[in-house]
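Counting from 1, the numbers follow the sequence of the chain as shown. Computed from a prediction, not measured in an experiment: that's the story for all the values here. All values below come from the heavy atoms of this structure, side chains included, with hydrogens, waters and symmetry mates left out.
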Amino acid sequence: MAVSVLVVGAGPVGLTMALELARYKVPVRLIEKATRRAQTSRAIAIWPRTLELLDRAGASRELVEAGVKVTAAEINAGDKQIARIPLNSAESPHKFVLMLPQCDTEAILQRRVEAAGIRCEFGVELKRVTQDEKGVDATIAYPDGRVETEGFDWAVACDGAHSTIRHNLGLSFDGDMIDTDWGLGDFYLTGAPFGPDKLSTYWHKDGPIIYFPLAANRYRIVASLGPSKGDKPIPPTAEDFQALVTARGPSSIKLDEPLWLSAFRINERQVQTYRSGRIFLAGDAAHVHSPAGGQGMNTGMQDAFNLAWKLALTGRGMAAPALLDSYSPERHAIGAEVIASAGKLTKMALISNPILQDMRNHIAHLFLGLPLVQHAVAAQMTEISVGYPDSSLNGSHGGSGQKPGTRMPPIDSEMPYGSGDTPFFTLRASEPPPFNHPLVNSTIRPAIPANDIALVRPDGYLAMSARAGDWDSVRTYLDRLRSAAR
C-alpha cells in the first residue's frame, strides 16, 4: 500500500505537489491555514519548463487559454533599446512565458486537484510537527476549534517564507535583505509604446521600472523606491506610480485607477537542506530571492515535480528509500543558482553611479546583441537549461548524445515523459531490452541519436546513456535504484 503524505500549504507549490502525488496514486492530504484564497495577482509568470512538466497532468492547456503569451523581453534606457531577448526561439512546445495572476493559476490547479479526488482544506492549520523513524505526527487545528494529532508517513512544507514546519524543525534560513524598497501596482493603462507580447524593463538613473502584461492594457508595474526606510515599506499611491512612470518612461503612459497596490523588500535566503528525516521543504519554505526574472513560483513548483515521483516510487516499494536522498542536493543547487542570478540582475538594475550606468548600458547592448548570448539567456529565463549535472542519480554517459542530468526536450508526437499514473523511466533504444524491469515503461521509444540507449527519468531528465547493446549498464543502473543499499 502506498504511503501517506501531508502537504502543508495550498499555494501553487502545494497544489502542484498534491496534483502530482494524486496522479501517481499516492494518498495525500492538503491543508491550508488561510480560510480562503487571496484574489490578488502576486506571482504572474509561468515559464516553458514549468508548462512542460504540467503537460503530464494535462493542466497546461487550461492555464495557457487563461493567460497572456509573452514572446520577448526588452530592456530600454529612455528611448534607446538596450537589448531584446526573443523567447519564442526556445526549444519547447511552449515558446513563450505565460502571464497569469497567481489567483487564477491557483484556481485552475485546485480544480485539477479536486478532480483527482483531493480536497483542499482551508482554515486548517498545522500547529506542530514531530517525527521519528516510522513517520510524522502533525498537530492540526480545525475551524471549529478542534485540535488533533494525526500520523503520516511523510510531510512536505509548502507553507511559504514564514513556514511553520521550518520553524518547528529549527532550520536556519540563511541569507540577507537587499536594502531597497520596491513598489508594485496592477493598473489598466493607455499610451504604452509596447504590446502585451513583451515584458518591458526601463533602466533609469533613479532605478528601474518594469511592465508585465496581464491582459489587454492591464499591466503589473514594479519600480524601485530607493533605500529602505522604516520597519516595512509603504506602498506608493496611484499618483506616486504615475510620477514614476512619467519620470522613468515611457512618459506617454497614463495610468487608470489601480487594481492593487503593494510594497516589498527583497530577501535572499535559503535553508541548507531541503530534507529533515521524513519532512521535506519546497518553494518559499526553502528559498526566497529577488523577483527579477520571475522564477520564484516556478522554482518552487519544480521542487514539487522533482520530489513527487521520488515519493511515489518509494511509497510503492518500487525504489529504495535512498532515492529520496537526491531531492535536497538537486533542488538546493537550483535554488542557489536562482538566488545568485536574480540577485545579480537586481543589483545591475539598481546601479546609481552615472558613469557605471553608461558602462552597464554599453556592455549590455553589445553583449546581449550576440545571438549566442541571446539564446543562452533565453534558455535560462525559460528554464529549459535547468538540469542536474552533479546529481547522485546520474549514471554512465556511454552514448554520443547529451550528458546525464540534462533535460530531454519533449517531442510533439509523443506523450510527455512521466505521464500516466506510475512514474516510469522511459527507454529510448533501437531495439527492446532483453529484460523487463518494474521501473521502466513497457513502451520503448526510438533512439536519439540512432543506435544509442537513453534512460529518461520520470521528470524528463536523462538518467544515463549507453552504446547499443550495452543492456548490462542499463540493468545495473535500474537495479541500483531498487536496492536497499547504494
Side-chain angles (χ1 to χ4, degrees), residues 1-9 13-14 17-18 20-22 24-31 118 121 124-141 147-160 163-174 270-283 285-287 300 303-333 335 388 391-393 422-423 438-439 457-459 478-486:
M1 180 178 178
V3 299
S4 60
V5 180
L6 172 67
V7 177
V8 182
V13 179
M17 191 78 232
E20 288 293 283
L21 291 173
Y24 288 139
K25 308 300 182 186
V26 176
V28 58
R29 185 171 181 192
L30 176 62
I31 64 172
I118 306 300
E121 301 179 53
V124 178
E125 181 181 359
L126 178 74
K127 290 292 189 180
R128 185 168 178 266
V129 64
T130 60
Q131 62 176 320
D132 58 27
E133 69 278 2
K134 295 182 180 180
V136 175
D137 287 329
T139 301
I140 297 172
V147 177
E148 298 178 353
T149 298
E150 302 177 35
F152 301 87
D153 293 286
W154 306 94
V156 186
C158 305
D159 50 346
S163 169
T164 296
I165 290 182
R166 191 185 66 242
H167 287 296
N168 272 203
L169 294 173
L171 297 178
S172 177
F173 208 26
D174 299 326
Q270 187 178 30
V271 292
Q272 289 302 308
T273 177
Y274 288 19
R275 180 185 185 185
S276 176
R278 291 180 166 269
I279 301 172
F280 302 86
L281 288 81
H287 48 80
D303 291 342
F305 290 125
N306 182 290
L307 179 58
W309 69 268
K310 297 171 182 178
L311 280 171
L313 286 181
T314 301
R316 290 187 178 197
M318 295 173 65
L323 174 63
L324 295 170
D325 294 339
S326 65
Y327 168 68
S328 181
E330 287 188 348
R331 294 308 300 170
H332 186 280
Y388 308 113
S391 174
S392 61
L393 296 184
T422 302
L439 286 175
R457 293 167 30 156
D459 53 356
L478 294 167
D479 288 344
R480 179 170 66 98
L481 292 183
R482 286 180 58 79
S483 173
R486 284 296 179 100

Can you name the nearest heavy-atom pair linking [X] to [Y], along with the distance?
X: Met318; Y: Leu439; result: O-CD2, 3.5 Å
X: Met17; Y: Val7; result: CG-CG2, 3.9 Å
X: Ala18; Y: Leu30; result: CB-CD2, 4.0 Å
X: Asn168; Y: Lys127; result: OD1-O, 4.0 Å
X: Ala285; Y: Val271; result: O-CG1, 4.1 Å

Next item on the list: Give the C-alpha distance, both sets of side-chain angles, the deciding distance and a yes or no for side chain to side chain contact (heavy atoms under 4.5 Å, CB included) between Ile140 and Glu148.
Entry: CA-CA 5 Å; Ile140 297 172; Glu148 298 178 353; 5.8 Å; no
Note to self: Taking ring pair (Phe, Tyr, Trp, His ring centres under 6.0 Å) as the definition, give me every residue that meets it alongside Phe305, ordered by chain and number, with sequence neighbours left out.
What the structure shows: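 For Phe305 there are no ring pair (Phe, Tyr, Trp, His ring centres under 6.0 Å) partners, ignoring immediate neighbours.
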Next item on the list: Dump the intermediate steps for side chain to side chain contact (heavy atoms under 4.5 Å, CB included) on Leu393 and Tyr388, then the final yes or no.
Entry: CA-CA 9 Å; Leu393 296 184; Tyr388 308 113; over 6 Å; no
Margin query: Determine whether His287 and Arg331 satisfy the following criterion, side chain to side chain contact (heavy atoms under 4.5 Å, CB included), listing intermediate values before the conclusion.
Written below: CA-CA 10 Å; His287 48 80; Arg331 294 308 300 170; 5.8 Å; no
Note to self: For Asp459 and Arg457: C-alpha separation, side-chain torsions, deciding distance, then whether salt bridge (Lys or Arg N to Asp or Glu O under 4.0 Å) applies.
What the structure shows: CA-CA 5 Å; Asp459 53 356; Arg457 293 167 30 156; 2.8 Å; yes
Note to self: Taking Asp137 first and then Arg128, would you say they form a salt bridge - that is, a charged N and a carboxylate O separated by under 4.0 Å?
What the structure shows: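 Salt bridge absent between Asp137 and Arg128.
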Next item on the list: Using the ring of Phe152 (Phe, Tyr or Trp, six-membered ring only), decide whether Arg29 places NZ or CZ under 6.0 Å from its centre and within 45 degrees of its axis.
Entry: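 Not flagged: Arg29 not positioned over aromatic ring of Phe152.
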Item checked: Passing candidate, side-chain contact (heavy atoms from CB on, under 4.5 Å) with Leu6, options Ile31, Val129, Ile165 ->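 For Leu6, the side-chain contact (heavy atoms from CB on, under 4.5 Å) test succeeds with only one of Ile31, Val129, Ile165, which is Ile31.
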Check: Looking at side-chain heavy atoms only, is the closest gap between Thr130 and Thr139 below 4.5 Å?
Finding: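 A side-chain contact under 4.5 Å is absent here.
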Next item on the list: For side chain to side chain contact (heavy atoms under 4.5 Å, CB included), just list the numbers for Leu311 and Val26, CA-CA rounded to whole Å, side-chain angles, deciding distance to a tenth of an Å, and then say yes or no.
Entry: CA-CA 8 Å; Leu311 280 171; Val26 176; 5.8 Å; no
Notebook entry, point to check: When the ring planes of Tyr327 and Phe280 are compared, do they come out parallel, tilted or perpendicular, using 30° and 60° as the limits?
Noted result: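 Perpendicular: the ring planes of Tyr327 and Phe280 meet at over 60°.
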